[in-house]
Amino acid sequence: MNDDTLMTTVREPFTAVHMDTPVEQIVGRGRAVRARRRILGLAGAAAMVAGAAVAVTALLPAGHPAGAQLAAWTVTGQANGTIRVTIRELRDAARLQSTLRADGVPASVTFGSEPNPSCREYPGTWNLSKSGIQADSGPPYIFAIHPSALPRGAGVQIGGKFDFAYSIPGHPATTYISPWPPPKSPVSGVVRVPVLMAGLVQASPQCTGLTSRLDG
Amino acid sequence: MDFAEFYRAAKDDCLRSVLVSVGDRDTAQELVAEAFARAWASWGTVSRHPVPAAWVVRTALNANISRWRRRRREVPLPDPGAVADLPAAGEAADGPVDAQIMAALLRLPGRQRQVVALRLFLDLDTVRTAEVLGIAPGTVTAHLARAIATLRDDLTSADQQETLS
């Protein structure tokens, strides 16, 4: 099979794949994108002023004296095999990643940057209740990883970034975090907030180091 | 060219390109729709791009990298006993596409898949592919050569197994 034949063989089945979103829907969404850009331009400028101090406050556990020296994160193994990750500050991502891998968890950890581009989402994991990962809202942020419950070929991706949080006048009970949902009106109370997440990715040497969990 | 005309002409190939990269039809369609929306919002600039469809695909792939952040809005609860419901990685093939070919593509490393997709569906040459992906032309050539070799081995051995059985 020469190269041209191979490419034709691979391309041909995709002729059955069609984009069926109406152009009117695309244009409607495009208008929202334009509106969001205008709003976030204003929100970003406000956040630059107050961002750093708010962020540090938000990361400290409630009631802890300011200025205390805190470990950025802690990893502890439980008797039942669960690995508990407590994150207090978005620092030392590389060491956290190494620690998790040393504990047998295929892991990719990034703080303050985009996730590892080599990582691919594990199929069918939008429902994290089935992923073998439990997360509590923070701070501090706590993830309980159940290695034996990770699906075959899956690894754990943990990421932390600062986002903008804001309110929309008229909806004071709701705090939005950019980029979703796109605001349609002026926003207020813009602050930077730390956001942590965890999810499953396909384990690979480039993404998670280990290609499968190490049990026991 | 107005946006509607561009959308009609490019939407299917953009979807196919992104589908090869992300491996899931619904995800790909969502990403491509968002990328086209951004193209509409910046049509004055995007319409002057040498290959606007490549701009859309690149935007969709970038959005996919950021997409994981939205998962934080789920409130996860542990239910380890339910993991058996999860599909195996090999079941990621998209419906309308031949499962064997889709599986072979999904086994390629991500960058190789992106290079193959841009060549297959947008017919980009090496230099343009390198620009879109932000890598050196030589790297594109190497990725494409490895991808073709892997696909050939994969699909040829699958054909032989079918013949034997």
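What you are looking at is a predicted structure, and each value in this text was computed from that prediction instead of being measured.
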Asker: Could you list the residues that satisfy side chain to side chain contact (heavy atoms under 4.5 Å, CB included) with A:Gln206, not counting sequence neighbours?
Answerer: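 Side chain to side chain contact (heavy atoms under 4.5 Å, CB included) list for A:Gln206, sorted by chain: A:Ser118, A:Ser204.
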
Asker: Below 3.5 Å, can you tabulate the donor-acceptor pairs from side chains in residues 5-12 of chain B to any protein atom, sequence neighbours excluded?
Answerer:
from, atom 1, to, atom 2, distance (Å)
B:Tyr7, OH, A:Thr21, O, 2.5
B:Lys11, NZ, A:Met19, O, 2.9
B:Asp12, OD1, A:Met19, N, 2.8
B:Asp12, OD2, A:His18, ND1, 3.0

Asker: Are the side chains of A:Val23 and B:Phe3 in contact, using a 4.5 Å heavy-atom criterion?
Answerer: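 Answer yes - side chains close enough.
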
Asker: Minimum heavy-atom separation for A:Gly30 to B:Ala41, with atom names?
Answerer: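 For A:Gly30 and B:Ala41, the tightest heavy-atom pair comes out as O-CB, 3.7 Å.
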
Asker: Checking A:Arg120 against chain B: side chain, backbone, both or neither under 4.5 Å from a heavy atom?
Answerer: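 Looking at A:Arg120, just its side chain touches chain B.
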
Asker: Compare all side-chain heavy atoms of A:Met7 with those of B:Leu151 and state whether any distance is below 4.5 angstrom.
Answerer: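 Sidechains of B:Leu151 and A:Met7: no contact.
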
Asker: Can you tell me how far the OG1 atom of A:Thr5 sits from the CG atom of B:Leu155, to the nearest 0.5 Å?
Answerer: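 Taking OG1 in A:Thr5 and CG in B:Leu155, the distance rounds to 12.5 Å.
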
Asker: Could you pull out the closest heavy-atom pair between B:Met102 and A:Phe14, with the gap in Å?
Answerer: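 B:Met102 and A:Phe14 have their closest heavy atoms at SD-CZ, 3.8 Å.
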
Asker: Output side-chain donor-acceptor pairs under 3.5 Å for residues 112-123 of chain B, partner residues at least two apart or in another chain, one line each.
Answerer:
from, atom 1, to, atom 2, distance (Å)
B:Gln112, OE1, B:Ala147, N, 3.4
B:Arg113, NE, B:Leu105, O, 3.4
B:Arg113, NE, B:Leu108, O, 3.2
B:Arg113, NH1, B:Val20, O, 3.3
B:Arg113, NH1, B:Ser21, O, 2.4
B:Gln114, OE1, B:Arg111, NH1, 2.9
B:Arg119, NE, B:Leu124, O, 2.9
B:Arg119, NH2, B:Thr126, OG1, 3.3

Asker: Is there a side-chain contact between B:Phe36 and A:Gln25 (heavy atoms, below 4.5 Å)?
Answerer: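 A side-chain contact is absent here, since even the closest heavy-atom pair is not under 4.5 Å.
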
Asker: As an exercise: rank B:Ala33, B:Gly110, B:Ala149, B:Ala104 by heavy-atom pairs under 4.5 Å with chain A and give me the winner.
Answerer: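 Greatest number of close heavy-atom pairs with chain A: B:Ala33.
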
Asker: Counting C-beta onward and ignoring hydrogens, is there a side-chain heavy-atom pair between A:Glu12 and B:Ile101 closer than 4.5 Å?
Answerer: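 The answer is no; the side chains never approach within 4.5 Å.
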
Asker: Output the distance between atom CZ (B:Arg16) and atom OG1 (A:Thr15), rounded to the nearest 0.5 Å.
Answerer: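 It is 6.5 Å, given to the nearest 0.5 Å.
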
Asker: With rounding to the nearest 0.5 Å, note down the distance linking CD in B:Glu34 to CD1 in A:Ile26.
Answerer: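 It is 8.5 Å, given to the nearest 0.5 Å.
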
Asker: Which of residues 128-142 of chain B have a heavy atom under 4.5 Å from any heavy atom of chain A?
Answerer: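 Within residues 128-142 of chain B, no residue comes under 4.5 Å from chain A.
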
